[in-house]
*Asks:* 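Below: one structure in structure tokens.
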2 protein chains.
Amino acid sequence: MSLYLRFLEDHRRRGKETISSGDLAALGGTTSAQVRKDLSFFGSFGTRGLGYSVAALSHRIREILGLEREWRVIIIGAGKIGAALAQYRGFAERGFHVIGVYDVDRAQIGKSLNGLVIQDESAMDADIARLKPDIALIAVPAEAAQALLDRVAKAGVRGVLNFAPTPLHAPEGVKLRSVDMALELEILTYALVGSQH
Amino acid sequence: MSLYLRFLEDHRRRGKETISSGDLAALGGTTSAQVRKDLSFFGSFGTRGLGYSVAALSHRIREILGLEREWRVIIIGAGKIGAALAQYRGFAERGFHVIGVYDVDRAQIGKSLNGLVIQDESAMDADIARLKPDIALIAVPAEAAQALLDRVAKAGVRGVLNFAPTPLHAPEGVKLRSVDMALELEILTYALVGSQH
DNA sequence: TATATCTTGTGAAATCATTCACAAGCATCC
DNA sequence: GGATGCTTGTGAATGATTTCACAAGATATA
């Protein structure tokens, strides 16, 4: 779904007003029937003979994904990855607002990232209660990740995106996803050795 | 597969010598039958009544994934994300060696990252021919990503991990994976709005 | 050695996902 | 306005994946 949204944005930039399931399929490397099935799950908003209205479909997908509202995000860990995330433009462009960055390292606390001052991690729980962020990004060493996940979950955060290279167990009621860059590389190496025979 | 490897590493740290398919399933949120099917695809290395030897299975999976050798990696784009990747410890730990970092920005070129000097992008093609890196990490703005993918593919790189938030089309013979952090967040928001009803 | 207890490996069954195929709708052109 | 050309939406068929279920191997116990 998110991918379709990317294709639609691309297409809009090119000035097209409508797009067919076949075009979307070509972009996504799948079949037109697949695309139509995916979209029809949420209702039917194409017109026969013409395709889908890029604007209308974009809007509908944004609604479905919950992107029509702003999301408040905090970042835990102001190391290399945390800092990169805090300054990543793609988030703001898509409605994700970073409202806080936390770290335990006294050397980092007080520094400013993109206009945001790095806070002491001990202030985090109170901030969560007050500012009610929707999502927490965990960018800390693997050993600390599970404890922080439990902690933000307890404090009321319902969505967590983990960047630590370790599998975590999500507490009840918390949606967790992980981005593991080394794991992605491993999948690549598997594909590479597999294709050599 | 890579995930199983993570679980096994965890398990090894806890001092366990064997692990059952049921345990692996619990960690991965799947079923024991699923785990056994996955593993049996590559042969049978469990012992009945006991489970799998953590050490032997780790080793076998590392073989399958091609992690028993070193992989040479270059990073293209020395912005926030590229710099974070260049200094990421998880790579070296898993046998991925960053042998080059490239950028077009004169302000960045010459700076040192983790002992590695940022090179002018114009030197890239010659370096690829000479050093034969296995994998390229693309960490440049979305607009520049496709052109760079084509360029490294032509120069002989066979695996690419893309961090630009745009869908790319992989040239023939090139394995491509993408890490799109905004997309991950969107999947999270979908899960969050979906679970509210 | 016999018995009880685990756990694997794997056909068969059931479930899930993809692809096919086509009627029906819309736009365009003569 | 009727014929033509596209393209959607969707049942039916096909294919893939997951789960079930159980024989057979391994260990432990007595």
Side-chain angles (χ1 to χ4, degrees), chain A residues 1-8 10-12 14-65 167 183 187 190-191 194-195, chain B residues 1-8 10-12 14-65 167 183 187 190-191 194-195:
Chain A
M1 271 297 148
S2 303
L3 261 184
Y4 289 140
L5 191 53
R6 292 277 188 289
F7 300 145
L8 288 170
D10 257 33
H11 221 66
R12 165 135 56 179
R14 298 217 176 78
K16 299 293 178 70
E17 301 220 331
T18 65
I19 189 169
S20 72
S21 58
D23 294 347
L24 276 171
L27 290 169
T30 151
T31 70
S32 63
Q34 182 65 61
V35 171
R36 293 201 298 277
K37 269 269 157 66
D38 285 353
L39 297 181
S40 73
F41 181 75
F42 297 103
S44 49
F45 17 79
T47 56
R48 304 185 170 189
L50 206 66
Y52 300 87
S53 149
V54 173
L57 185 54
S58 290
H59 186 264
R60 186 74 185 90
I61 293 183
R62 297 182 69 86
E63 255 176 35
I64 291 164
L65 295 179
L183 191 138
I187 296 173
Y190 175 57
S195 68
Chain B
M1 272 299 149
S2 303
L3 261 184
Y4 290 141
L5 190 54
R6 291 277 187 290
F7 300 144
L8 289 170
D10 255 35
H11 220 66
R12 164 134 58 178
R14 297 216 176 77
K16 300 293 179 69
E17 302 219 334
T18 64
I19 188 167
S20 72
S21 57
D23 294 347
L24 275 172
L27 291 169
T30 152
T31 70
S32 63
Q34 182 65 59
V35 171
R36 293 201 298 277
K37 270 268 158 68
D38 285 354
L39 298 181
S40 72
F41 180 74
F42 297 103
S44 49
F45 16 79
T47 56
R48 303 181 172 194
L50 204 67
Y52 300 87
S53 150
V54 173
L57 186 54
S58 290
H59 186 264
R60 187 74 184 89
I61 293 183
R62 296 181 69 85
E63 256 175 33
I64 291 163
L65 295 179
L183 192 138
I187 296 172
Y190 175 57
S195 68

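Proteins get letters first, then strands, A, B, ... in listed order; numbering begins at 1 in each. This one's a predicted model, so the numbers in the text were calculated from it and none came from an experiment.
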*Asks:* Given that A:Thr47 and B:Gly46 both sit by DNA chain C, which one's nearest nucleotide is further toward the 5' end?
*Replies:*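 Final value for this comparison: B:Gly46.
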
*Asks:* So does B:Val54 get a backbone contact from the side chain of B:Ser58, meaning a donor-acceptor N/O pair under 3.5 Å?
*Replies:*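 Yes: the side chain of B:Ser58 pairs with the backbone of B:Val54.
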
*Asks:* In whole angstrom, give the distance that lies between atom CZ of A:Phe45 and atom P of D:dT10.
*Replies:*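 These atoms are roughly 11 Å apart.
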
*Asks:* Give a yes/no on whether any side-chain N or O of B:Thr31 is located under 4.0 angstrom from OP1 or OP2 of D:dT18.
*Replies:*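 For B:Thr31, the contact criterion (side-chain N or O under 4.0 Å from OP1 or OP2 of D:dT18) is not met.
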
*Asks:* Side chain of A:Leu50, heavy atoms from C-beta onward: which of C:dT8, C:dA27, C:dC20 has the nearest atom to it?
*Replies:*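 In terms of side-chain proximity for A:Leu50, the closest of C:dT8, C:dA27, C:dC20 is C:dA27.
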
*Asks:* What is the distance, rounded to the nearest whole Å, between atom CZ of A:Arg36 and atom P of D:dA12?
*Replies:*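 A:Arg36 atom CZ is separated from D:dA12 atom P by 17 Å.
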
*Asks:* Respond yes when some side-chain nitrogen or oxygen of A:Tyr52 is under 4.0 Å from OP1 or OP2 of D:dC6, and no when none is.
*Replies:*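 A:Tyr52 to D:dC6 OP1/OP2: no side-chain N or O under 4.0 Å.
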
*Asks:* Between A:Ser21 and B:Thr30, who's closer to the 5' end of DNA chain D by nearest nucleotide?
*Replies:*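 It is A:Ser21 whose nearest nucleotide is closer to the 5' end.
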
*Asks:* Could you work out which one of C:dT10, D:dT10, C:dT19 sits closest to the side chain of A:Gln34?
*Replies:*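 Looking only at side-chain atoms, A:Gln34 lies closest to C:dT19.
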
*Asks:* Expressed in angstrom and rounded to an integer, what is the separation of A:Phe41 atom CZ from C:dT18 atom P?
*Replies:*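 Rounded to the whole Å, the gap is 13 Å.
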
*Asks:* Is it the case that more than 12 heavy atoms not belonging to A:Glu63 sit under 6.0 Å from its CD atom?
*Replies:*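 Atom CD in A:Glu63 is crowded, with more than 12 foreign heavy atoms closer than 6.0 Å.
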
*Asks:* Hey, does the side-chain of A:Arg48 have a donor or acceptor N/O within less than 3.5 Å of a partner on the base of D:dT7?
*Replies:*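 In this structure, the two groups form no donor-acceptor pair.
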
*Asks:* Is it the case that C:dT19 (base atoms only) and A:Lys37 (side chain only) share a donor and an acceptor within less than 3.5 Å, ignoring hydrogens and angles?
*Replies:*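 It does, because a donor-acceptor pair links the side chain of A:Lys37 to the base of C:dT19 below 3.5 Å.
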
